[in-house]
Amino acid sequence: MTRWLAAVSPTGATRRWSRRRTPADPWSTLFGKIAAYTFVVLVVTGILLALFYRPDMARSRYEGPYRPLNGVVVSHAYASTVRLSLEVRGGLLLRQVHHWATLIFVAAICLKLVRMFFTGAFRRPRLPLWSIWVMLLVLAMATGLTGTILPDDMLSGGSLGLVQGILQSIPLIGTRLTFWLFGGEFPGEAIIPRFYWLHAVVLPVAITGLFVLRHRLVRRHGHPRLPATATRSPRWLGPLPVTAGPALFFGTCGVLVLIGAFAQINPIWLLGPYRPGEITAGAVPDWYMGFLDGAVRLMPGWEFEVAGHTLTLAVLVPALIVPGAFFTFLAAYPLIERRLTGDRELHDELDRPRDAATRTAFGAGALAFYGLLWAAAANDQIAVHFHLSLNDVTQFFRVAVLIGPVLAFVLTRWFCLGLLERAGDEAAHGRETGRIVRTPEGGYIEIMEPVQGRRKPASIDPPGSSDLRPTGSRPRGRTAQSTVSFE
């Protein structure tokens with residue numbers, strides 16, 4: 001088929017359509033494609049679910065096939081979700097595929113951002129792409145949060161209570177903002193209809209627009225490539241069949257269907273409808289909101305009176321200031337690095353993480369900070385399963401969240417400098433082979449194997465970096481030191 005298309009297209013336009021070049025680093029595009037394909041699954045399953053879901057908080061008695069709920073007063077939103085799960089053929093599979101797709105969608109975006117950060121793919125001319133992925137992460141998390149509230153079960157009530165607490169912690173306008181959003185006293189009767197339209201229309205349209213803009217920017221600037229020092233493959237792997245994209249799409253769909261069919265998630269008929277003031281034991285949010293829950297658990301219960309108003313730092317700091325500062329810094333990081341380094345050149349080649357030791361170390365510290373907050377969201381489960389004191393576990397995480405990122409920064413930078421020093425030494429003297437030969441003069445020398453396809457680092461470490469040399473390293477002759485500038 002491809003040969004026929006090439007034969008009937010003398011200009012080569014059809015050949016370019018049927019065969020596309022792919023970058024030598026497939027990981028740079030894999031996570032983005034998985035995110036896009038998972039979003040398509042979310043849209044399709046969401047449209048099908050909307051045909052049976054009723055976004056109404058009016059209450060009535062449940063009368064359905066699930067006997068434990070018979071006679072229980074529930075909202076129409078909860079009743080329609082139970083009916084969709086237990087009475088509509090394939091409804092439970094759709095719900096679970098939709099939920100799992102949300103989790104994987106956010107995970108793919110996070111992995112894409114991590115990949116871009118550690119390889120320096122956010123530098124000119126791809127700064128807008130970095131901003132798009134950061135906005136996609138925020139919108140994906142907001143879409144997932146609003147979606148978990150729609151079933152109106154006990155887990156949904158926990159997320160709803162967190163939203164209420166965050167809003168009420170805002171000084172001066174928190175109470176009025178809460179009354180406006182909920183349409184009166186908590187939980188009111190307007191929050192689910194409002195979140196439904198936000199979840200089903202506004203946020204998906206915004207995400208679609210960002211994906212379209214991202215696609216245009218990729219077509220304009222192309223994909224970055226790995227340097228020759230990180231791969232032995234040529235610059236381009238060669239032509240990619242036009243079936244590769246559909247194959248990945250259907251593979252993603254197949255994996256999601258398998259997970260949705262065999263891995264149960266959010267069985268709302270077992271959890272029961274939401275009742276204000278109650279919460280399910282051991283309930284935790286979806287994984288992408290775990291860091292927020294962990295921050296709230298670790299924050300001491302500090303409150304202050306300011307001009308007759310109570311300022312609740314126990315919620316304001318971990319639920320608003322910490323995530324707000326995190327996402328603001330994440331979006332502005334390329335500009336900060338450009339400001340510190342003065343690097344305004346165009347970059348079509350990716351960095352190896354070791355080549356930018358300070359940036360890599362900073363990223364490792366940020367991941368350690370996030371991971372510790374995420375683990376702290378399960379402090380009660382850790383205490384129960386390991387028979388520890390809950391207070392001791394909480395105190396441990398309070399200390400670890402301050403020391404852990406610093407330790408991760410120092411160790412990662414130390415490892416990067418060691419790898420760079422080793423690479424520079426091999427580029428200058430060759431790689432050790434372990435073969436010892438005797439010279440005609442009676443001496444002994446080691447045979448060194450030349451390193452092919454590697455370039456020696458050209459710049460020198462800044463002053464003070466020599467104290468980070470790994471213990472036991474032994475330079476031979478002139479050892480080329482490597483750059484650790486904030487690239």
List the steps, then state whether side-chain contact (heavy atoms from CB on, under 4.5 Å) holds for Leu69 with Tyr78.
CA-CA 11 Å; Leu69 286 176; Tyr78 180 82; 3.6 Å; yes
Under the side-chain contact (heavy atoms from CB on, under 4.5 Å) criterion, do His99 and Asp286 qualify, and how do the steps go?
CA-CA 10 Å; His99 201 142; Asp286 287 330; 3.4 Å; yes
Could you check Leu42 against His98 for side-chain contact (heavy atoms from CB on, under 4.5 Å), going step by step and ending with a plain yes or no?
CA-CA 6 Å; Leu42 284 171; His98 189 78; 3.8 Å; yes
Evaluate Asn379 against Phe396 for side-chain contact (heavy atoms from CB on, under 4.5 Å), listing each step before the verdict.
CA-CA 10 Å; Asn379 61 345; Phe396 167 78; over 6 Å; no
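Looking at heavy atoms from C-beta onward, Arg95 lies in side-chain contact with Ile268 at the 4.5 angstrom threshold. Side chains of Glu337 and Phe122 form a contact here, defined as non-hydrogen atoms less than 4.5 Å apart. In this structure, Leu420 and Asp355 have side chains that are in contact, with non-hydrogen atoms separated by less than 4.5 Å. Side-chain contact between Trp269 and Thr81 is absent, with no heavy atoms from C-beta onward closer than 4.5 Å. Using a 4.5 Å heavy-atom cutoff, the side chains of Thr143 and Thr102 are not in contact. Within the 4.5 Å cutoff, no side-chain heavy atoms of Met116 are placed close to those of Phe31. Leu111 is not listed as a side-chain neighbour of Arg115, based on a closest heavy-atom distance of 4.5 Å or more. Taking 4.5 Å as the limit, some side-chain heavy atom of Leu150 sits within range of a side-chain heavy atom of Ile192.
Classification of the Phe362-Phe117 ring pair by plane angle, with boundaries at 30° and 60°, yields tilted.
Residue Ala108 comes nearest to Ile34 through the heavy atom pair CB-CG2, 4.1 Å, listed as atom of the first residue, atom of the second, then distance. Taking every heavy atom of both residues into account, Ala121 and Arg126 meet most closely at O-CB, 3.4 Å. Closest approach of Pro405 to Gly365, counting heavy atoms only: CB-O, 3.5 Å. Closest of all the heavy-atom pairs between Met289 and Leu145 is CE-CD2, 4.5 Å. Of all the heavy atoms in Arg297 and Arg398, the pair that sits closest is O-NH2, 4.3 Å. Counting all heavy atoms, side chain and backbone alike, Arg354 lies closest to Thr360 at N-OG1, 4.4 Å.
Atoms CG and OG1, on Leu94 and Thr45 in that order, are 7.0 Å from each other to the nearest 0.5 Å. Note: Trp133 CH2 to Cys110 SG = 11.0 Å, rounded to the nearest 0.5 Å. Atom OG1 in Thr394 sits 8.5 Å away from atom CG in Asp380 (nearest 0.5 Å). One distance of note links OG1 of Thr412 with CG of Leu407; it measures 8.5 Å at 0.5 Å rounding. Taken from CD in Gln395 to CG in Asp392, the straight-line distance is 8.0 Å, to the nearest 0.5 Å. Expressed to the nearest 0.5 Å, how far CG of Asn266 lies from OG1 of Thr148 amounts to 8.5 Å.
Results of the side chain to side chain contact (heavy atoms under 4.5 Å, CB included) test with Arg413 over Val410, Leu417, Leu411 single out Leu417 as the only residue that passes. A side chain to side chain contact (heavy atoms under 4.5 Å, CB included) with Val255 is found for one member of Ile259, Thr252, Leu258 and no other, namely Ile259.
Around CZ of Arg176, the count of heavy atoms belonging to other residues, nucleotides or ligands within 6.0 Å does not exceed 12. Few gaps surround CH2 on Trp287; more than 12 heavy atoms of other groups in view lie less than 6.0 Å from it.
Between Phe326 and Phe369, a ring centre-to-centre spacing not shorter than 6.0 Å is recorded.
Ser156 and Asp153 form a side-chain donor-acceptor contact under 3.5 Å, judged by distance and modelled atom types alone.
In this structure, Arg194 is positioned above the aromatic face of Trp180, its NZ or CZ under 6.0 Å from the six-membered ring centre and within 45° of the axis.
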